[in-house]
Structures are given as C-alpha cells and as structure tokens.
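One structure is given here, and the rest of the page talks about it.
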Amino acid sequence: MSFRRILVTSALPYANGPIHLGHLVEYIQTDIWVRFQRLMGHRCVYVCADDTHGTAIMMRARQENTDEVSLINATQLQHMDDFSAFDVQFDHYGSTNSPANRELCGEIWRALRSSGMIREKEVTQLYDPQEKVFLADRFVKGTCPSCRAPDQYGDNCDKCGATYSPTDLIDPISALSGARPELRSASHLFVELEKLHAFLDQWTQEGDHLQAEVANYLKGHFLGQPLRDWDVSRPSPYFGFEIPDSPGNYWYVWFDAPIGYMAATKEWCEREKEDFDQWWKNPDTEIHHFIGKDITYFHTLFWPGMLKVAGFQLPTKIHIHGFLTVGGEKMSKSKGTFVRAATYLEHLDPAYLRYYYASKLGPRLEDLDLGLDEFVNRVNAELQNKVINLASRSARFLEASGLSVRYPEDGGRFEKGAQVGLEIAACYEQCDYGRAIRLIMELADEANAFVDLRAPWKLKKDPQQAQELQDVCTIAVNLFRQLAIYLAPVVPRLAQQVGELLNDPIWSWEQARQPLTGKALRTFQHLMKPVDPTKVQAMIESSKESNAASVPVPAIADSGQPLIDEPLCEMISIDDFTKVDLRVARVLAAEEVPEARKLIKLTLGLGGDVTRTVFAGIKQAYEPSRLTGRLVIVVANLAPRQMKFGLR
RNA sequence: GGGCCGGUAGCUCAGUGGUUAGAGCAGUCGACUCAUAAUCGAUUGGUCGCGGGUUCGAACCCUGCCCGGCCUACCA
C-alpha cells in the first residue's frame, strides 16, 4: 500500500441560512471518506469554508439591519457548531471573505487576463431603483409571458415550464422592494470558456475524473456546442471582492467560491506550517471535491478551466451526489419540508443519521430518500440489534476474566472477516457505502449466529467450562471489534467507545486483521440507545413550527359559508381608510383574561415608550405565552373605551 | 422539446447474457432466553414497468412506448 497525499473538500455552504439535513448528506458522505482514508494510513486533509458573497447576503444584511460581515461571522459559527455536532471533522473551516481568498482570486484573475480570456460586454439587466441594485433573475417576479401565470420568477415559469429572460415578464416587480424595475445596462467581464473547449472535452471525458453519467451529461449538454462566455463580474453595489483592475466591479460569487477551497487550504497551511504548493501544485497530491448535482457545471467546466489557466493542479475526482428527499418528496425551503441540523440534534443522536445515510449512499448521482419509518427501522434493526447487541451479549461475560490470552480456534471466522475487510475497503474507496454496510451486516449476522451456536449463557452455568466461555466470548468480542473498525468511518464515536471498552484505541484499518487477546475489559456500558420513533415525530413537529412562515399557502377551495353568515360591510371611501393608522407593534406582554371566552390581553409596544393595551379575540387560536415578542399589526388610533375587563 | 438517471418481493436494495432471480427489513411458524425483546432456524412472497427485436439462452444487449426523479448555464 503506497502512501497517498489527499486533499478533500465539500461544497461551501452558503452563509445565508442554517445547515439542514440536505446539506448533511454531503458533509457526512465526505467525512466518512476522509475518515476511511485516514484509517488506511493516508495523509488526508479535509477543508471547507462558508460561501459568503453575493446579492443574497447583501440583501439579507439589509433586511436584518446589520452589516454583511457580522451576518456571515455569526452564520459561520453556527455552521461550525452544526458540523462539529455531527462529527464532521474539518482540518480547517474558513470563509470566502478572507484575505487569503482575495489574494488567490487576484492571482487566478491575473492569469485569466494575461492569457487573454477576459472580455468586456454590456449587459442590460433589470434594476431596482429603490434598493439600488441589479436584480438577478430570481429577484424579479411577474406574469409569465407564455401562459400568463402570475407571480413567476424571472428565469422560467413553474406553471408552464417556459424559459425566458426577466425582461420578458409582464408587469415585473422587484422581489426585494416591490418596486417596478427599470432596464439599465452595465459593463460586465466575461471569461471566454470556449477557448478551453478542447481541454474540457478531454478532461471531462477521459481519466475518470467524473462519474460516467456526469461525463455523459456534460457531453450531451454543454460540450456539443460552443461554450458560452461566463459572466464573472457584477457591478456595484455587491458584497464581494472588488476587481483590482476594474474598479466598481466585483467578482461574481461563483468566481470566488471555489477558490475558497484553495484559500481554506492556504490558511490551514499557514497554521500547520505546510507548503501550499505541495497541495495545489504537486501532481502527486490527489484533490477530491464532493459536491451536489445542482452545482455540477460550476465544478466540472469553469473550475477546471480556471485551475488549468492559472497553473494549479486539476481535481483528481469530483464526486457528485443527488439531493435529499424526505418521504419521497423533494425537500426545499419554500415547501418547508426541511429539518435543520440543530433541530435534529435536539431530538436524535447524530450517529443514527450518519449510519442511515451511509447505508443508502452509493457511488452514483442518485437522490437519497429519508423515509422516517425506514430510518427508525433500519438503524434499530441493523446498527442496534445486530451490531451493538453483539457486544452487549458477549462483553459482559468477560468482565472478570478479560480476553483469552491466545486467540481461540474460531472456524476461520475472524480470518474471513479480515478478507471481507478488503472488499469493504474497496467499497469505501469508491464511495459505495451502501454496499460496504451490506457486507458489514452479513458479517454481523454470522457473528450473531456464532454466539447462538456456542451459547455462552449455557457455558456460564458450568464452572468447568469457564475457559470455553472465555474463548467463545473472546471470539465474539473480536468479531464485534472487527465490525466496529469497519464502521469507524461512519460512526466514529462508536469506534471510540469500543476502543475504550477494550483498552485498545481504534486508529487503523489494519487492526481488523489481528485479533485482540489478553486484554482486560472495562465495565460494559451501553454503547448506544435505539431510535425512539416518538422523537423522530417530535423532530418533524418542531420543524413544522420553525418553518411555519415559509410554508406556502396550499391551494384550498374555501367554503362560502362565512360570507353568508356575516356579509361584507358597506363600502368605505379611501379617506375613511387613510384615517386608520396601522402600525407594526411588538407584543410586550400577553395574558389570559380568565373571565373571557375569546379574549387575550395584550400589551403592545409601538416603539420607544409608546404602548397600547388591547384585548384581542384570539384566545381559541393562540397560547398567550407564545405571543410575547411577536410582531402584530395594530390600529394605533382607535379611540380607547371602557370594557368589562379594562380599557381598550 | 432536448438531455441524464431510474422502474426487480409490502419496504430498502443487490444482481449487466448462462442452470429453478437474491439479501435485509416487514409477515408467518418454530427455537432460545446472554443481551436495552435483542438473537437463531425455517418459511410465505416477484409474468424483473409494457411491447417488439437480437441470441441456443435476456432482469441484463438493441428498439419503441409508459411512469418517476433531476438538469436544461450568467439562480444561489
């Protein structure tokens, strides 16, 4: 086995929201691979960073009345906490908004310039005069020019599937301010990717850098025609790095994001006194990117192109995975079907998710479905009942005696496990974790059958058979330890616990080839709890609440009965309406009115010291304790009057 | 419209030309009782999406269709 130097990255999560279970497919997949490589004795460094630039971050900072840097710093800390809680262990976790990244962007930019690949073109775009920003397609909404469906995004219609340019929309409005956008043109800088067409043809189709289906996809979709120029600049205002030789223009977020892989490596190198060029300019170093299929073209066309021109090492392999679906349905923020990492952690052990994902991940670009019943079932049936239980039923018998001094005759079981280990290792290497888990479970089944066959609980009753008991359990515990080693990339905490139990830390795959003997065992403690289905339900319930605001209103045909019961009031004039002073107010206090059936007494703050006391007829719908702090609309100039319960 | 991928037992999947298509889970029956009721044995269950073709032989290769997911670049 020759020594390998491997640099691994996961895609950079955007600093615009929390980590959710969809993100974790990728980070867990990558972390498993990294841990496996380390167990194999390879030098493997895993870096990542927050992706921090772009219009979305800028607008969010405006909305939250903060500045971008505070926003991205806070988000980065949250992301790091979430990853760490799921045992995703980076060697370095940086930010694209770093000096190292700015410097590397500059270096690559100069290379692109000097090779004559940058050209300038006028781009006419919709502009929001109120927010004073150019609007990306998704920030423009209007009526579809093809089917007249209202409220469609600027790039395509999700009603009829038509694609068009945002300027084609009928009655466009800015999704940011609601203002009517105007057409403006600005000068943008483009990378002429077509100049690298021959190189990209070769790189994508040869050398196993990509999964076969990805290579096919690129060939059929992009490489069969001239590659379009890639717009890599955005005019001010934009949160990002200003382009040194083009003042007022900024690098588009997708230009600096992948360079963030290098910047994170660089920061790690500086901290560890490593040579950066050893990692990005040495052909002996392998570079592996793990990404989701949505960002395929950035990583398989633009990114290799940039690296090539700037003289850096090209990726050895880009591992692309599918999306997470939950219960067979596409998971998306707008549908509100996502579970945040933090929410999961409030209810469940991260090892469950790591195991479940591993059991379902293959080398192909397929979506992974999280079936909640299957999740419970699978983790309990396999990890708990087969693997963990193997230790419970054998290690206890050894508490007094420890492991046998010589490894007993076991009918070739351990040796077979060692042989299968080679196959399991090959599966991990190829990211075929599902197959690896299946092989491990076969071994677990055989180990359990062995325990049943030799029935240590019977041996225990006869003091004459103490040696036999010790031998049988020594075999069982060694078979279990072999499984724990094979599962170590997936559930590292379990491996850690097994190392402690046996007074022999697990640190290398090779340990699975040599049985452990003569060791004393620590007192056995339960290694893991089974999944409690009620907690899975609780997690889903609390995710529903925290996402309530983003759940779209489903299409419902409401009954006409309420209108019949209570007809609309007579029309009022606009003058009447403007007399009503509507204000946003914060609920400072909310208390029960015990005597009232419908009322809750609210103390509302209008800002400063100005408050109002109102009685709201919402008792049947809301818990007073959950209203405090929320924002409500109040008629601020409604004359007070005496009510049975107090002043309104 | 075009492209990529998939459709195999109730569920999750394995199986890419060679005898009667497999595993785990679930179900059924039995055994065991060491283990957080876990485990072991046996067993039920499939016209391999549909049609056509190639072949001595097709789940597998070719072709048409049906169904599902995703992609379709200056969106992150």
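Each chain gets a letter, A, B and so on, in the order its sequence line appears, and its residues count up from 1. Quick caveat: nothing in here was measured; it's all calculated off a predicted structure.
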Listed nucleotide nearest any side-chain atom of [X], set [options]:
X: W457(A); options: rU33(B), rA76(B), rA35(B); result: rU33(B)
X: R228(A); options: rG6(B), rA73(B), rU36(B); result: rA73(B)
X: N385(A); options: rU36(B), rA38(B), rA76(B); result: rA38(B)
X: I295(A); options: rA35(B), rC40(B), rA76(B); result: rA76(B)
X: E366(A); options: rA76(B), rG24(B), rC5(B); result: rC5(B)
X: F323(A); options: rC70(B), rC34(B), rU12(B); result: rC70(B)
X: Y297(A); options: rC34(B), rA38(B), rU72(B); result: rU72(B)
X: N216(A); options: rA76(B), rC40(B), rC4(B); result: rC4(B)
X: F190(A); options: rC34(B), rU36(B), rC74(B); result: rC74(B)

Under 3.5 Å on both distances, the Watson-Crick or G-U partner of [N]:
N: rA14(B); value: none
N: rC50(B); value: rG64(B)
N: rU39(B); value: rA31(B)
N: rG1(B); value: rU72(B)
N: rU20(B); value: none

Parallel under 30°, tilted from 30 to 60°, perpendicular over 60°: which one fits the rings of F190(A) and H188(A)?
tilted
Ring geometry between W251(A) and W109(A) (parallel below 30°, tilted from 30 to 60°, perpendicular above 60°):
perpendicular
Base, sugar-phosphate, or nothing: which does [X] touch, judged by heavy atoms less than 4.0 Å apart?
X: A449(A); result: sugar-phosphate
X: K386(A); result: sugar-phosphate
X: L218(A); result: nothing
X: D229(A); result: nothing
X: P456(A); result: nothing
X: R234(A); result: sugar-phosphate
X: F222(A); result: base
X: V253(A); result: sugar-phosphate

Using a cut-off of strictly less than 4.0 Å, decide whether R364(A) has a side-chain nitrogen or oxygen near OP1 or OP2 of rC13(B).
no
Strictly below 4.0 Å, N to O, side chains only: are [X] and [Y] in salt-bridge contact?
X: K293(A); Y: D367(A); answer: yes
X: R454(A); Y: E468(A); answer: yes
X: E446(A); Y: R413(A); answer: no

Gap between atoms [atom1] and [atom2], on [X] and [N] respectively (whole Å):
X: M58(A); N: rC75(B); atom1: CE; atom2: P; result: 13 Å
X: K461(A); N: rC34(B); atom1: NZ; atom2: C1'; result: 9 Å
X: D367(A); N: rC13(B); atom1: CG; atom2: P; result: 11 Å
X: Q125(A); N: rC75(B); atom1: CD; atom2: C1'; result: 12 Å
X: I57(A); N: rA76(B); atom1: CD1; atom2: P; result: 11 Å
X: N448(A); N: rA35(B); atom1: CG; atom2: C1'; result: 10 Å
X: L453(A); N: rC40(B); atom1: CG; atom2: P; result: 12 Å
X: D369(A); N: rG69(B); atom1: CG; atom2: P; result: 12 Å

Of R435(A) and E382(A), whose nearest nucleotide on RNA chain B comes first from the 5' end?
R435(A)
Nearest-nucleotide comparison on RNA chain B, the residue closer to the 5′ end among E446(A) and Q384(A):
Q384(A)
[N] to [M] separation - [atom1] atoms, rounded to the nearest Å:
N: rU43(B); M: rG3(B); atom1: P; value: 48 Å
N: rU47(B); M: rA38(B); atom1: C1'; value: 39 Å
N: rU33(B); M: rG45(B); atom1: P; value: 32 Å
N: rA59(B); M: rC65(B); atom1: P; value: 22 Å
N: rG7(B); M: rG15(B); atom1: C1'; value: 15 Å
N: rC48(B); M: rG10(B); atom1: P; value: 13 Å
N: rC25(B); M: rA14(B); atom1: C1'; value: 14 Å
N: rA21(B); M: rC4(B); atom1: C1'; value: 28 Å

Write down the atom of I173(A), the atom of P181(A), and the distance for their closest heavy-atom approach.
CA-CD, 3.7 Å
Pick out which of T96(A), D256(A), N101(A) makes a side chain to side chain donor-acceptor pair (under 3.5 Å) with T52(A).
T96(A)
Centre-to-centre under 6.0 Å for [X] and [Y], is that the case here?
X: Y27(A); Y: H79(A); answer: no
X: Y217(A); Y: F222(A); answer: yes
X: Y250(A); Y: F241(A); answer: no

rA38(B) base to N389(A) side chain: any donor-acceptor pair below 3.5 Å?
no
Pairwise N/O distances under 3.5 Å, protein to nucleotides 26-29 of chain B:
none

Kindly confirm whether the side-chain ring of Y217(A) is stacked on the base of rC4(B), judged by centres under 5.5 Å and planes under 30°.
no
Report, as yes or no, whether the 6.0 Å neighbourhood of atom NZ on K121(A) holds more than 12 heavy atoms from other residues, nucleotides or ligands.
yes
